[in-house]
Trainee: 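Below is one structure. I have some questions about it.
Note on naming: letters A, B, ... go to the chains in the order of the sequence lines (proteins, then strands), and numbering restarts at 1 for each one. Just so it is clear, the model here is predicted, and its values are computed rather than measured.
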Amino acid sequence: MKSTLSVLVENHPGVLARVAGLFSRRGFNIDSLAVSTTDNPTISRMTIVVDGDEAVVEQVAKQLRKLVCVTKVLDITNEPHVERELVLIKVNADAQARGEIMQIADIFRAKIVDVGRRTLIIEVTGDKGKIDAIETALKPYGIKEMVRTGQIALVRGSRTAIINSKED
Amino acid sequence: MLTGGQILIECLKEEGVDTIFGYPGGAVLPIYDALYDADIRHILTRHEQGAAHAADGYARATGRVGVCLATSGPGATNLVTGIANAYMDSVPLVALTGQVPTGLLGKDSFQEADITGITMPITKHNYLVKDVADLPQIIKNAFHIAQTGRPGPVLIDLPRDVTASQAEYRKAKAPNLRSYKPVMAGARSQILKAVKLIAKAQRPVIYAGGGVVNSGGHEELRQLAEMLMAPVTTTLMGLGAFPGDHPLSLGMLGMHGARYANYAVYESDLLIAVGVRFDDRVTGKIESFAPEAKIIHIDIDAAEIGKNVPVDVPITGDVKTVLKQILKELKAHPNEAWKEKIEVWKKEYPLEYDTNNGLRPQAVIREIYHATKGKARVTTEVGQNQMWAAQYYTVTRPRSFITSGGLGTMGFGFPAAIGVQVGCPDEVVFDIAGDGSIQMNIQELATAVTYELPVNVAILNNGYLGMVRQWQELFYNRRYSYTELHNPDFVKIAEAYGAEGIRVENKADIRPALDQAIASSKPVLIDFIIEREENVMPMVPPGEAINKMLG
Ligand SMILES: Cc1ncc(C[n+]2csc(CCOP(=O)(O)OP(=O)(O)O)c2C)c(N)n1
Ligand SMILES: [Mg+2]
């Protein structure tokens, strides 16, 4: 089972190492992790997708909360939220296949961002389902390279992660 | 203007620090220069590991933050075992390390070690100070983190240019840690649920640990036990959280716990777990640990609750505060029949040993108990000596049984005893040691002699790494692979260091030797030549249910 944690952390050096170290040390599985600063430059947000049952995810959240540099941990899996991931896919595209690939891109509302002699780079954003689907669709042409940003997410509506409280 | 080193000293005094344990080197020269005429006592150990354990012992005995100091590189890495030890046992410690100047960081400079990286998983938090202006606030925050919530070690890495540079000293403000706010009180709804469960219970057992000692909640624990007539069993770390001579005391539980303690837990219908973490050495096979009981778990660390066992009523909060909350709602609810059943177990399965022939380690410990009237501050090494001490020294007050529980660090007990003696100068301090363990930090005899610390060391000398030998005997067909020790003459070693040494080979000589040691104003090392293959019993074999005990 996959869960999405939205984690606010102090924007200090070493925070990423502390979080990553915690996961490896305790044997938690990270599916993806995306970090960047927030509108508040002293705070960063990590969106962490964790693989594990309910008890594991609860332990992950509790262990994260214990880190002195972690401000807030929200398990947003079961809350209405928007999740997105951006992917760049470099796919083989000879003259013959090019048209078909462009059609596929169109269906997924993806963009062609680079046109090479034998390849195209396709940029697509979406949730995990959509990304997996386009990947499957493009696979037969031969994916040469691919990079995913990892999932980011925000809770829908006016609810926010308030910075100076540690409980959820 | 002050130097960074002088500012550091001012900040330490501001935190009420009167003693630090340390060892100098190049990267901490500016700090040592400031210490030269500071009114803080510095105890020079003979190894940085000794400094860390001494600070740890000082902290456990006094309840104050222990402080140790080492130079960069090897000095810092020598602290690592001590820091890990304090981390596992939740001891408030501030470790100060020197570091190469900021300009040389990350360049594999001479005596550079990435000590903040190395200690990340074994500290509650750590800091690398890059600007002397940040120093006061970092020290303030570090002490706050170390001693609040679940206590633990905090390391502060101090590059030499930071402690050497000149700056205006500005006192720190209150701790400013927006992301760190330990919860003290338990949620009222949970307290009420707990009270309800307690009222229904007929066979309650209180399982108490180091969290009770840390929170100072031992008085509240006693009240709770007496109101319910509930027996109390403690973990190794919890010894002293409940008076060992109280009629409701079951002593220690777990792998080498008393039979009646494990039976009581096994048959209980309500386990009140207070400041404990359901460690595997306690629970044995986890599915058969209190299989019929509902569980109330009180702990300051939310992450401990539900980590190893599912819990019926989790209460996150400071143990003392939560126990007070519970006591306020609780009506007396004595469980007479249960108490009687336990009395029967106690009579039927007492902790006992062979008193007939030879010099038995258990007898030595009973005599230490009698000779000190149960009032000593006891530290232990690790192994059989530690378990015998836990079983046979009846601990009656908190902070007086000091042992390496979580990490199981051989070599902890002696330097810890030095720290305890520094913190409690008027008390009798005993390190109950093994012949193997004592040699891991025996150099600290020099420290004890230099500072005229009259610590006593009782070596239970079996000529073996006894606990390992016991496992080889029981589970590896008596193949004693590399566990026999050829030891030096401990009496001569003591004397060479300027301490007193006594050898005891007969039962009759135990007490006179102890009396002599207690009366002496010098450190005394007593070499008790004990039965070589005595085992620690009873014992729950690893992975077995706690009611299935050997011995
Ligand atoms: C630093 C360290 N190394 C190894 C061990 C593993 N170990 C646990 S008990 C023990 C034997 C201790 O021997 P001794 O101090 O003579 O105590 P005894 O069991 O004989 O009382 C060993 C080697 C340990 N706990 N700590
Ligand atoms: Mg031994």
Trainee: Measure A:Thr42 against the heavy atoms of chain B and call it side chain, backbone, both or neither at under 4.5 Å.
Mentor: both
Trainee: How would you list, by chain and number, every residue that makes a side chain to side chain donor-acceptor pair (under 3.5 Å) with A:Glu83, sequence neighbours excluded?
Mentor: A:His81, A:Gln151
Trainee: If you measure from the Lys or Arg side-chain nitrogens to the Asp or Glu carboxylate oxygens, is any gap between B:Glu304 and B:Arg277 under 4.0 Å?
Mentor: no
Trainee: Does any non-hydrogen side-chain atom of B:Ser90 lie less than 4.5 Å from one of B:Asn214?
Mentor: yes
Trainee: Quick one: do A:Arg98 and A:Asp94 make a salt bridge, cutoff under 4.0 Å?
Mentor: no
Trainee: Which bit of A:Arg18 is near chain B, if near means a heavy-atom gap under 4.5 Å: side chain, backbone, both or neither?
Mentor: both
Trainee: Using a 4.5 Å cut-off on heavy atoms from C-beta on, say whether the side chain of A:Gln59 contacts that of A:Phe28.
Mentor: yes
Trainee: Does anything in residues 131-152 of chain B get under 4.5 Å of chain A by heavy atoms, and if so which residues?
Mentor: B:Ile145, B:Arg150
Trainee: For chain A, which of B:Gly306, B:Ala303, B:Pro121 has the most heavy-atom pairs under 4.5 Å?
Mentor: B:Ala303
Trainee: Tell me, do A:Asp51 and A:Lys2 make a side-chain contact under 4.5 Å, heavy atoms counted?
Mentor: yes
Trainee: Does the pair A:Arg148/A:Asp132 count as a salt bridge with the N-to-O cut at 4.0 Å?
Mentor: yes
